[in-house]
Amino acid sequence: MSILHVVGARPNFMKVAPVMAALARHSGVQQTLVHTGQHYDTNMSDIFFQQLGLPEPDINLEVGSGSHAVQTAQIMLRLEEVLLTQRPGLVLVYGDVNSTVAAALVCAKLLIPVGHVEAGLRSFDRTMPEEINRRLTDQIADLLFTPSEDGNANLAREGIPAEKVHLVGNVMIDTLVQLLPVALARWQDGRFTVQGLTVDPGRYILTTLHRPSNVDDPTMLEQIMAALSDIGQQLPVIFPIHPRTRQRLQNTQYAIRNTQLYLVEPLSYLDFLALQRHAALVITDSGGIQEETTYLGVPCLTVRENTERPVTVTLGTNQLVGRDMGRLRQAANRILNGQVQPHQIPPLWDGRAGERIAETIVSRC
Ligand code: UD1
């Protein structure tokens, strides 16, 4: 059978890698990899393909940046041509980015079956573009692969027939499990150096922030930078800056009140994983990082009012601090003073989700 994978943005790349590898172990499966070009910088895309062992994309739609409507429409226009020529038996889409919903919609109209990897997650916050992307993709998809039970419950509530839904576990964790030893080998003589910065295990904080709700509002961004500066008086804070955040910072009056908040370029997968593993604390608004810190047992503070990944809070190391910088400061202090919550790894986050997806697909053909 022929399977076409569509990916476009950084968090998609860690999800497609284990699925492609698992499908390659089944005979008679031909795979095509399409990159929409939503992310195109070397450090947002190419370096991930290299480190994850992904093949070069067979096709790059090169859509680049734009408003949501422009980006989504460009992906649809260009992908339709590809699908009309290739007519795959199944298209797999990943996560919740604009590339995901655009591809699913084209498939639905061409009557090409579509599978959604990481289905069923809900933040119940429709101001997040990703929530719209998830809901629409799940309505359209023929096969839905969920990472945790809450995903199945959400889909049942939305009337998605149970026979379409498969609880397979977390593909992002497959990649983490496979590459953690490689990442940890980057620590040399008990220390880690990246972009000229050297840190000791447990003696630094790692931060990423890129959600529109946090970085597109200059006042909010200034408050976040002030809080990170304060927290950085206790331990160095390493902050790899997403291109969106870098642009927004240029229009913002923020003052770094000490020398321990280090703004660095976006990091590769392996460098970021190596740093997550030995961080005293991670502060983020990313979805995937809430999951990775839960698996690694590293305390995580999420600068959001809600999460589509509730098991990271109920079972894992994640705590929502909302957009209240007082709460962020207090929670960070508690963790740095050794008050960490008990935690466990969610069921089926075991490195074998890709295998389960491949088996489900192959057994249905
Ligand atoms: C996208 C996803 C988000 C995901 C994030 C991971 C959507 C709606 N959002 O957000 O869910 O968490 O990726 O990174 O799909 N840019 C560059 N170089 C690049 C890519 C982007 O400079 O390689 C700049 C562009 O100016 C662009 C901006 O970053 O306008 C935002 O990029 P975009 O893909 O629109 O959304 P992200 O914020 O990256």
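Every number for a ligand or one of its atoms is a count from 1 in the order of the listing.
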Flag for Glu291-Asn170: side-chain donor and acceptor within less than 3.5 Å: yes
Determine whether the side chains of Gln30 and Ser2 contain a donor N or O and an acceptor N or O closer than 3.5 Å. no
Hey, is ligand 1 close enough to Asp41 that some N/O pair sits below 3.5 Å? yes
Classify the angle between the aromatic ring planes of His166 and Phe145 as parallel (below 30°), tilted (30 to 60°) or perpendicular (above 60°). tilted
Please determine whether a side-chain nitrogen of the Lys or Arg among Glu130 and Arg211 lies less than 4.0 Å from a carboxylate oxygen of the Asp or Glu. yes
Charged N to carboxylate O under 4.0 angstrom, Arg135 versus Glu131? yes
Considering only protein heavy atoms, which is closest to [atom], and at what distance to one decimal place?
atom	result
atom 27 (C) of ligand 1	Ser65 OG, 3.2 Å
atom 9 (N) of ligand 1	Glu130 OE2, 3.5 Å
atom 26 (O) of ligand 1	Gln247 NE2, 2.8 Å
atom 8 (C) of ligand 1	Asn98 OD1, 3.3 Å
atom 17 (C) of ligand 1	Tyr40 OH, 3.2 Å
atom 5 (C) of ligand 1	His210 NE2, 3.6 Å
atom 24 (C) of ligand 1	Pro243 CB, 3.6 Å
atom 2 (C) of ligand 1	Val97 CG1, 3.7 Å

Taking only heavy atoms of Gln71, which atoms of ligand 1 are found under 4.0 Å from at least one of them? 34 (O), 35 (O)
Suppose I only count heavy atoms of Pro11 and a 4.0 Å limit; which atoms of ligand 1 are within that range? 6 (C)
Is the contact between Ser99 and ligand 1 made by the side chain, the backbone, both, or neither, using heavy atoms and a 4.0 Å cut-off? neither
Please output the side-chain donor-acceptor pairs of residues 334-342 that fall under 3.5 Å, not counting sequence neighbours, one pair per line with the distance.
unit_1	atom_1	unit_2	atom_2	d
Asn337	ND2	Asn333	O	3.0
Gln341	NE2	Gly316	O	2.9
Gln341	NE2	Asn318	O	3.4

Can you tell which of Arg246, Arg244, Gln38 gets a heavy atom nearest to atom 28 (C) of ligand 1? Arg244
Which one of His242, Met128, His39, Arg10 has a non-hydrogen atom at the shortest distance from atom 13 (O) of ligand 1? His39
Does Glu265 have more than 12 heavy atoms from other residues, nucleotides or ligands lying within 6.0 Å of its CD? yes
Is atom CZ of Arg191 surrounded by more than 12 heavy atoms (other residues, nucleotides or ligands) closer than 6.0 Å? yes
Tell me, please, which residues at least two apart from Arg277 pass salt bridge (charged side-chain N to carboxylate O under 4.0 Å, His left out). none
Start with the C-alpha distance between Arg356 and Asp174, add both sets of side-chain angles, then the distance that settles salt bridge (charged side-chain N to carboxylate O under 4.0 Å, His left out), and finish with yes or no. CA-CA 11 Å; Arg356 293 185 198 102; Asp174 287 16; over 6 Å; no
Of all the heavy atoms in His68, does at least one lie under 4.0 Å from an atom in ligand 1? yes
